[in-house]
Peer 1: 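Sending over a structure as structure tokens; questions will come in a sec.
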Amino acid sequence: MSQSPTAECCPRFDPKPWDEVTLDLRGRRFVKERVSSFLHIPLNYGAVMKRTIGAIEAAGARPETMVVLTDENSLWGADVYVEAGKDVPGASMAAISGTFLSKVFEGPYRNLRTWIEEMKLFVQGRGKSLRKMFFYYTTCPTCAKKYGKNYVAILAEVGEERAR
């Protein structure tokens, strides 16, 4: 990630391929890292991303489009999954596999609680059961400000249709 405000550290995000679609993540590899947080506010996200992306690039494992998924599983930390094209030596590798419904939201992070409720209704409206949610923060705060848009895609792992 670049420190220069004019350099592109995050590519511009196109929400269309991620909005209100079903995704199959089978066969995708991720480096799993842990970010420290205080009340879900990340404290070392940039440092973790810089280190992780550096390891992925050093291993020649950077995919064409790198997806970063966050599991906000604690007030004090989150598991971050950074996509890699192949296994990265010395890294904790993980697979996130399954069927996911994806929906894109735009706005400040303080709207996250509202977006989560909207996502639950979206899943329910598709007749699916919600298993787990991952958050795809598509740009860093600096690039979101530069682009004038702060997109967050929520991916909901879903189960079979529920009986009605």
Peer 1: Check whether any side-chain heavy atom of V152 sits under 4.5 Å from a side-chain heavy atom of T138, and report yes or no.
Peer 2: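 When only atoms from C-beta onward are counted, T138 and V152 do not touch, as no gap falls below 4.5 Å.
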
Peer 1: Between K16 and D14 (salt bridge meaning N to carboxylate O under 4.0 Å), is one present in this structure?
Peer 2: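 Salt bridge: no.
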
Peer 1: What's in the same ILVMFWY side-chain cluster as W76, cut-off under 4.5 Å, chained through other members?
Peer 2: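 Direct or chained contacts put W76 with F38, L39, L43, L75.
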
Peer 1: Could you grab the distance from atom CG of N44 to atom OG of S37, nearest 0.5 Å is fine?
Peer 2: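 If we round to the nearest 0.5 Å, N44:CG and S37:OG are 7.5 Å apart.
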
Peer 1: Quick one: side-chain hydrogen bond (donor to acceptor under 3.5 Å, both in side chains) partners of K32, sequence neighbours excluded?
Peer 2: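 With sequence neighbours excluded, K32 shows a side-chain hydrogen bond (donor to acceptor under 3.5 Å, both in side chains) to no residue whatsoever.
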
Peer 1: According to side chain to side chain contact (heavy atoms under 4.5 Å, CB included), who are the partners of T22, at least two apart in sequence or on a separate chain?
Peer 2: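 T99, L101.
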
Peer 1: Are V80 and M49 side-chain neighbours, meaning at least one heavy-atom pair lies under 4.5 Å?
Peer 2: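 They are in side-chain contact.
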
Peer 1: Could you tabulate the donor-acceptor pairs under 3.5 Å formed by side-chain atoms of residues 106-115, not counting sequence neighbours?
Peer 2:
from	atom 1	to	atom 2	distance (Å)
E106	OE2	N150	N	3.0
Y109	OH	N150	OD1	3.3

Peer 1: Enter the distance from E20:CD to S102:OG here, rounded to the nearest 0.5 Å.
Peer 2: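 Reported to 0.5 Å precision, the distance equals 9.5 Å.
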
Peer 1: Give the other cluster members for Y136, using side-chain heavy-atom distances under 4.5 Å between Ile, Leu, Val, Met, Phe, Trp and Tyr residues; answer none if it is isolated.
Peer 2: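 Y136 clusters with F13, W18, V21, L23, L25, F30, V67, L69, Y81, I96, F100, V104, F134, Y151, L155.
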
Peer 1: Salt bridge (Lys or Arg N to Asp or Glu O under 4.0 Å): which pairs involve residues 88-102, sequence neighbours left out?
Peer 2: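 Listed by first then second residue: nothing to list.
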
Peer 1: Enumerate the residue pairs fulfilling salt bridge (Lys or Arg N to Asp or Glu O under 4.0 Å) with a member in residues 63-73, sequence neighbours excluded, ordered by first and then second residue.
Peer 2: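 Every pair satisfying salt bridge (Lys or Arg N to Asp or Glu O under 4.0 Å) with a residue in residues 63-73: D71-K132.
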
Peer 1: Are side-chain heavy atoms of E33 and T52 found at a separation under 4.5 Å?
Peer 2: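 E33 reaches T52 side chain to side chain.
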
Peer 1: Could you list the residues that satisfy side chain to side chain contact (heavy atoms under 4.5 Å, CB included) with R131, not counting sequence neighbours?
Peer 2: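 Side chain to side chain contact (heavy atoms under 4.5 Å, CB included) list for R131, sorted by chain: E157.
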
Peer 1: Flag the pair V68 / Y137 as yes when at least one side-chain heavy-atom distance between them is below 4.5 Å, and no otherwise.
Peer 2: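 The answer is no, as the side chains (C-beta and beyond) never meet within the 4.5 Å cut-off.
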
Peer 1: Suppose we screen for side chain to side chain contact (heavy atoms under 4.5 Å, CB included). Which residues come up paired with L130, at least two apart in sequence or across chains?
Peer 2: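 So L130 forms a side chain to side chain contact (heavy atoms under 4.5 Å, CB included) with K120, V123, M133, A156.
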
Peer 1: Mind listing the closest non-hydrogen atom pair of V35 and P42 along with its distance?
Peer 2: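 The pair with the smallest heavy-atom distance is CG1-CB, 3.9 Å.
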
Peer 1: Between the side chains of R34 and N73, is a donor N or O closer than 3.5 angstrom to an acceptor N or O?
Peer 2: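 Yes, because at least one side-chain N or O of R34 sits under 3.5 Å from a partner of the opposite role on N73.
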
Peer 1: Kindly give the heavy-atom pair with the smallest separation between P89 and A59, and that separation in Å.
Peer 2: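 Taking every non-hydrogen atom into account, CD-CB, 3.8 Å.
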
Peer 1: Which atoms form the tightest heavy-atom contact between P63 and A84, and what is the distance?
Peer 2: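 In terms of heavy atoms, the two residues are closest at CD-CA, 4.0 Å.
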
Peer 1: side-chain contact (heavy atoms from CB on, under 4.5 Å) between E117 and L121: does it pass, once the steps are laid out?
Peer 2: CA-CA 6 Å; E117 292 307 314; L121 291 173; 5.8 Å; no

Peer 1: In chain order, what residues pass the salt bridge (Lys or Arg N to Asp or Glu O under 4.0 Å) check against E118, with sequence neighbours excluded?
Peer 2: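 E118 satisfies salt bridge (Lys or Arg N to Asp or Glu O under 4.0 Å) with no other residue.
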
Peer 1: Ignoring hydrogens, what is the shortest heavy-atom contact between P11 and T139? Give both atom names and the distance.
Peer 2: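 Between these two residues, the closest heavy atoms are O-CG2, 3.9 Å.
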
Peer 1: Return each pair, listed once, that meets salt bridge (Lys or Arg N to Asp or Glu O under 4.0 Å) where at least one residue sits in residues 81-99; pairs must be two or more places apart or across chains.
Peer 2: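 Residue pairs passing salt bridge (Lys or Arg N to Asp or Glu O under 4.0 Å), neighbours aside: R28-E83, R29-D87.
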
